[in-house]
Structures are given as structure tokens and as C-alpha cells.
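Everything numeric here is computed off the predicted structure, so don't read it as measured data. What you see below is based on every heavy atom in this structure, not just the backbone, and it leaves out hydrogens, waters and symmetry mates. First listed ligand is number 1; within each ligand, the first listed atom is number 1.
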Amino acid sequence: MKKRVLSGIRANGRLHLGNYLGAIKGMLELQDNSDYETLYMVADLHTLTTPYDVEELRKNRREIIIDYLAAGLDHGKSILFQQSSNPYHIELAYLFSTVMTVAKMQHLPTFKEKVKQHPENVTIALLNYPVLMAADILVYKADSIPVGLDQEPHIEVVREIARRMNQDFGTYFPEPKRFKTPGQYVPSLLGEGKMSKSIEGSFINLIDDLATIKSKLAKAPTDSGLEGGNIPETGGVGNLFTLLKLFVDKEIFVKFVIDYREKRIRYSDMKQVLADAIFAELKPFQEKRKYFEENPDVVDQIIKDGNKKASEIARETVEEVKKKMGLL
Ligand code: TRP
């Protein structure tokens, strides 16, 4: 039997470069590997764990499928679907929640971060976030998960739930691993932390045109250019070099590294080269996206098929687990 892959992106806004490099590139690579059966969803239920706008969500849970298609995910090769349209995720998440303690969930760094960001919204759903994620993955018995580095603590919880379920109830869940990509960590344009939808000014959207990319990069902090020595690992300059490395050929990258070392770097040139390189990568995406925007029926049919296929696979797992847990 083929190994399964599952991944998802929350429907919290339009996709940005961090999603593309951290998750979608890995999703594409696995889709084209015939050893795997690939399932990719929009994690619309996870969107409900932080404050959101209802109409925005209604739109985004569809727009992200269009982004997937435009990025090259292919409904002929992958199952593309919406998490909330498949009721088995929630059902399995409830069953899984019986083997995880509250204390364990409260200690996760990802939970603590969200508590800091939204102290007024520390809900049961937020606490349960990783358990639902475990259900997303294990309902397909997926063992390879293309997601960014920030998701590692969640994947660890998924493995723990798989082990517990197998021990306590004799199920056969795999212990999934994160599938890593070179762009697993994409830094923020603001010089600190990662590129994130929730931090204004930190990201480049996949639908940004060249002028927008340039103006966003223009605001990225740099230094006097007279520092010399090794490229800093963090901060504005470090982040720009990390991005540059992800987008340009090695010779061009090395040229800027040498310029930096020899105190003759011109950040405006570097940003120009970087903007052009990023836009070149996004252009085919934007053109493909136009096609799907103009053909909504095609998109609707793809979503409908995907939701159905995903539910069929998930139903089998939930039935099996219910049997093992004494519910059937
Ligand atoms: N937590 C993931 C994120 O923020 C989204 C997600 C939800 C996910 N369920 C998943 C990713 C299952 C991989 C597999 O990006």
C-alpha cells in the first residue's frame, strides 16, 4: 500500500511566501512522488481557534483551495479538500482527547504563544488544537507531513497520541514525521521572527505584484553596510540573506555575501535582485490562479470530489477506532 501524506494550512487569510516555501513546496514534491498518496486540506476548523471574521472565513476556505491549484497541486494526483466538510476529523479528535491530559496541552509552546497573543480567547478549542491536528493526520494514517518548522511541537503530540492509542486500544497508527523543505523557516521582513500572517508587514503574499514586493522589501530593516565580517544570523540583514539564499542562484548569493564582508554591500541592489527573483517565482502562480478564478464551476467540482474522497477514507479509520474503544 502507498504511504499517505497529509497537510493543511489554516484559512486565516491569503497564502504568503512562508506557506509556499514551508508547506506547499513539500506538498508538491510529495504529490509527484508515486510512492505516496497525498491529501491536502484547508484547515478551516483550526481557524476557529483564534478570533476570526465569519465572512472572511467563508471566502478563504475556498480561496486557499484555489491557491493550492494555482501553486500546482493537482486534483488528478492529490485529494484536495476542506477539513470541516469531513465530519470524521472532529469525531476522531473527540476520541483522541480522551487520552491527552490538559496539563500536557497547556505546556506546549505553541499554546502559550497563542495565549499571549489572545489572552481573551483561551478556549477549549484552542487547547484542543493539537488534538484536532492529530485527528487530521491519523484519520488517514498519514506518516509524512509537509509543514514548516514551527509545527514540530504539534507533530510531536501527534506521535504521542498515536503511541497512546496503540498502547491503550491496540490501534495501528503510524508515528508521523515532518517532511522538511529548504524553506521550512522563512524569516519575517521586519527583521525579527518568522514570516507570519498575523504580523502585519512581515510577509509577502503570493498574489503580490512586483511593485508591492519591492515596496515591502524596501521597508525591511538593514544596517549601515559597513559592518563587514560574517553575515549575522538574525536581525534584518540576516533575514534578507536567508531569503536571498532561498531565491537566487548560488553565484549571486555569494557575490552579495562577499560585498557584505568587504563593506561594500548596497542593500538597494540586493533588494532589487531579491524582489525580481521572488516575483519570477510567483508569476506562474498568479497566471494559473486567474484561470481558476474565471472558472468557479471547475473549482466547485474539484472541492466536491475531494471532500467525498477524503470522507470515504476517514470513515474506515473512525469505524475501526470506535470498535477498538467499545463503541461499536
Ligand atoms: N497547524 C497547521 C498550521 O498552522 C495547520 C494544520 C492543521 C495542519 N491541521 C494540520 C498541518 C494537519 C498539517 C497537518 O500551519
> Quick one, list the residues around ligand 1 where some non-hydrogen atom comes in under 4.0 Å, by chain and residue number.
L6, S7, G8, R10, M41, A43, H46, Y129, M133, D136, I137, I145, V147, Q151
> Could you work out, with ring pair (Phe, Tyr, Trp, His ring centres under 6.0 Å) as the rule, every residue matching Y20, not counting sequence neighbours?
none
> I'd like to check the side-chain hydrogen bond (donor to acceptor under 3.5 Å, both in side chains) partners of E55; sequence neighbours left out, ordered by chain and number.
R58
> Using only heavy-atom distances, determine whether the side chains of S78 and T38 contain a donor-acceptor pair under 3.5 Å.
yes
> Could you name each residue pair satisfying salt bridge (charged side-chain N to carboxylate O under 4.0 Å, His left out) that touches residues 219-243, not counting sequence neighbours?
none
> Is a salt bridge present between E113 and K116, judged by a nitrogen-to-oxygen distance below 4.0 Å?
no
> When you look at M27 and Q31, which way does the side-chain contact (heavy atoms from CB on, under 4.5 Å) test go after all the steps?
CA-CA 6 Å; M27 290 155 114; Q31 161 182 275; over 6 Å; no
